Amino acid sequence: MKVLVIGSGGREHAVIRKLKENKEIDTIWCAPGNGGISADAVCVDIKAMDKEGLVSFAKENSVDFCVVTPDDPLAAGMTDAMEEAGIPCFGPHANAAIIEASKAFSKELMKKYGIPTAAYEIFDNPDQAKEYIRKTGKYPVVVKADGLALGKGVLIATDENSAMDAVTEIMEDHAFGASGNKVVVEEFMTGKEVSVLAFTDGKVVKPMISSMDHKRANDNDEGLNTGGMGTISPSPYYTPEIAETCMKTIFQPTVDALNAEGRTFRGCLYFGLMLTPEGPKVVEYNCRFGDPETQVVLPMLKSDLFTIMKACHDGTLADTDVEWADGACACVIEASGGYPQHYEKGYEISGLDENGQYEGVTVYHAGTKKADGKYLTNGGRVLGITATGKDLSEALEKAYAAVEHITFKDMHYRTDIGRK
Ligand code: AMP
Ligand code: GLY
C-alpha cells in the first residue's frame with residue numbers, strides 16, 4: 001500500500017510513525033512534511049492546500065489511501081477532490097468539516113439536536129453584538145470569530161470595555177479576516193477542559209483515550225493562547241462515568257445530528273469538552289486530530305491505526321478493534337522564543353541523533369528542517385518530546401529528562417505540563 005499524509009506538523013509526524021507499524025504499507029509520502037518527518041516518510045514539496053497538485057501527485061504515484069490531517073484542506077474540500085479522483089481518504093468531506101470551519105454552524109447544530117454547550121447568540125452586525133453584550137451584562141463573556149483562525153479567534157472578555165474591544169477587533173478591525181464576518185457571543189463556562197478525539201465512520205463512534213492540552217504559552221496558564229504547549233493522556237479528570245455520559249449526550253448525538261443534516265462525518269472528530277458543574281459540555285468541535293493531542297493519544301493505541309482509518313472510510317468501524325494501553329503519555333513542546341508572536345528560525349538543534357530522535361523518548365518534529373545533516377528550527381512549535389510510562393509521573397519524568405538534552409537558541413517550554 002502507498003499512503004499519502006497531508007500536513008507538516010508534530011501531529012502528522014505522530015500519525016506517520018503509527019502508520020509505519022502496519023506491514024501492508026510500503027511507502028508513506030508526506031506533503032509537505034518537515035525535516036524530522038523526512039526520517040520516517042518521503043516528503044513531497046507540495047503545499048497542503050494545493051488540491052490540484054496533490055490530486056495529480058496521488059494519481060501519478062498510484063496512492064492507495066490519503067490521510068488529510070489539517071483543518072484548512074479539509075474545509076477546502078481536499079477529501080472531496082481526492083475521492084472524486086478515486087483515492088479513498090481518512091478525513092471528512094467539506095460539508096462535514098464545517099463543524100469546525102464555522103462556529104455558528106456548530107452552535108446551531110448543538111441547539112437543534114439538544115447537545116449540551118454554552119448558551120450563545122450569533123451576530124453579523126457589530127452594533128447588535130455590542131448591544132446584546134451590554135444588555136446581558138454578564139462577565140466574563142466569550143466572543144468568538146465564526147471561521148478558522150489558527151486557534152486564536154476566541155477572546156474572553158472580563159468586563160464591558162474589553163468585550164466591546166473584542167467585537168471591534170474581530171468584526172471591524174478584521175483581525176481574523178473573513179473568519180470574523182460573524183461572531184458567536186457565548187456564556188463563560190467553568191470546569192476542567194478535556195479533549196476527546198474519536199474515530200467515526202459516520203455511524204459508529206469510537207472515542208480515543210482522553211487527553212489534556214495546555215494552551216497558554218507560559219507556566220501557570222499565563223501568557224497568550226498558543227496551538228498547544230504540551231499534552232498528557234489520559235486526562236485524570238475524565239472518569240468512566242463522565243465518558244459514559246459524553247457518549248450518550250454528546251458523541252453519538254453529534255454523529256447522528258450530522259447524518260440527519262446530510263453531512264455524514266468520517267474521520268477523526270475532536271470534542272473539546274468542559275466538565276462543568278452541570279455536566280460535560282462542548283467547548284468546540286474540530287474536524288481532525290488535535291495537535292499536540294495526537295502526539296500523546298496515538299502512542300497509547302494498541303490496535304492498528306491504518307486498519308482503523310480504512311474502517312472509518314469503508315463504514316466498518318463497528319467490526320474493528322480500537323484498544324488502548326494502560327499507563328500514560330506526556331508531550332512537552334519545545335517552542336521558539338517569542339512564539340506565538342514573532343520568533344526567529346534557522347537555529348541548530350543539538351542533542352538529536354541522525355534520525356532526529358533521542359533515546360528513551362519519541363521526538364515528534366513540528367517545525368524543523370534538515371540542512372547538511374543538521375536539524376534546524378523552522379517554526380513556532382519546533383519539537384514535541386514525548387514519553388510513555390506506567391503512570392503520568394513516570395511519563396513526565398522521562399519527557400522532561402530528555403528536554404534537558406535537546407536544545408536550541410532561545411528555546412521556550414513550559415515546566416508544568418501535567419503537574420496540576
Ligand atoms: P476554542 O478555540 O473554541 O477551543 O476556544 C479556545 C479556548 O478558549 C478553549 O480551549 C477554552 O479554554 C476557552 N473557551 C472557549 N469557549 C469558552 C467558554 N464558553 N467558556 C469558557 N472558556 C471558553
Ligand atoms: N490543540 C488544540 C487543537 O488541535 O485544536
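This one's a predicted model, so the numbers in the text were calculated from it and none came from an experiment. Counting starts at 1 for both ligands and their atoms, following the listed order. All values below were derived from every heavy atom in this structure, side-chain atoms included, with hydrogens, water molecules and symmetry-related copies excluded.
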Hey, can you tell me if [X] and [Y] have their rings parallel, tilted or perpendicular (30° and 60° cut-offs)?
X	Y	answer
Phe65	His313	perpendicular
Tyr132	Phe123	tilted
Tyr285	Phe271	perpendicular

**Asked** Could you walk me through whether Tyr358 and His405 pass the ring pair (Phe, Tyr, Trp, His ring centres under 6.0 Å) check?
**Response** CA-CA 9 Å; Tyr358 186 87; His405 300 280; 5.7 Å; yes

List every atom of ligand 2 that sits less than 4.0 Å from any heavy atom of [X], numbering the atoms from 1 in the order shown and giving each element.
X	answer
Glu293	1 (N), 2 (C), 4 (O)
Tyr270	2 (C)
Gly227	1 (N), 2 (C)
Asp213	1 (N), 2 (C)
Gly290	4 (O)

**Prompt:** Which atom pair, heavy atoms only, marks the closest approach of Asn34 to His365?
**Reply:** ND2-O, 2.9 Å

**Message:** As a test of understanding, state which of Arg414, Arg419, Lys420 forms a side chain to side chain donor-acceptor pair (under 3.5 Å) with Asp416.
**Reply:**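 In the set Arg414, Arg419, Lys420, the residue that makes a side chain to side chain donor-acceptor pair (under 3.5 Å) with Asp416 is Arg414.
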
**Fill in**
The reported gap from OH in Tyr364 to OG1 in Thr294 (rounded to nearest 0.5 angstrom) is 9.5 Å

**Asked** About how many Å separate OG1 of Thr368 and CD1 of Ile349, when rounded to the nearest 0.5 Å?
**Response** 5.5 Å

**Request:** Specify side chain, backbone, both or neither for Asn286, according to which of its non-hydrogen atoms lie closer than 4.0 Å to ligand 2.
**Result:**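 For Asn286, only side-chain atoms sit under 4.0 Å from ligand 2.
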
**Request:** Identify whether NZ of Lys or CZ of Arg in Lys111 sits under 6.0 Å from the centre of the six-membered ring of Tyr120 and within 45° of that ring's axis.
**Result:**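 Yes, cation above the ring, under 6.0 Å and within 45°.
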
**Asked** Under a 4.0 Å heavy-atom cut-off, what residues line ligand 1?
**Response**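 Protein residues near ligand 1 are Lys103, Ala118, Val142, Lys144, Val154, Ile156, Glu186, Glu187, Phe188, Met189, Glu193, Lys215, Met274, Val283, Glu284.
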
**Request:** Can you pull out the closest protein heavy atom to atom 5 (O) of ligand 2? Residue, atom name and distance to 0.1 Å, please.
**Result:** Arg288 NH2, 2.9 Å

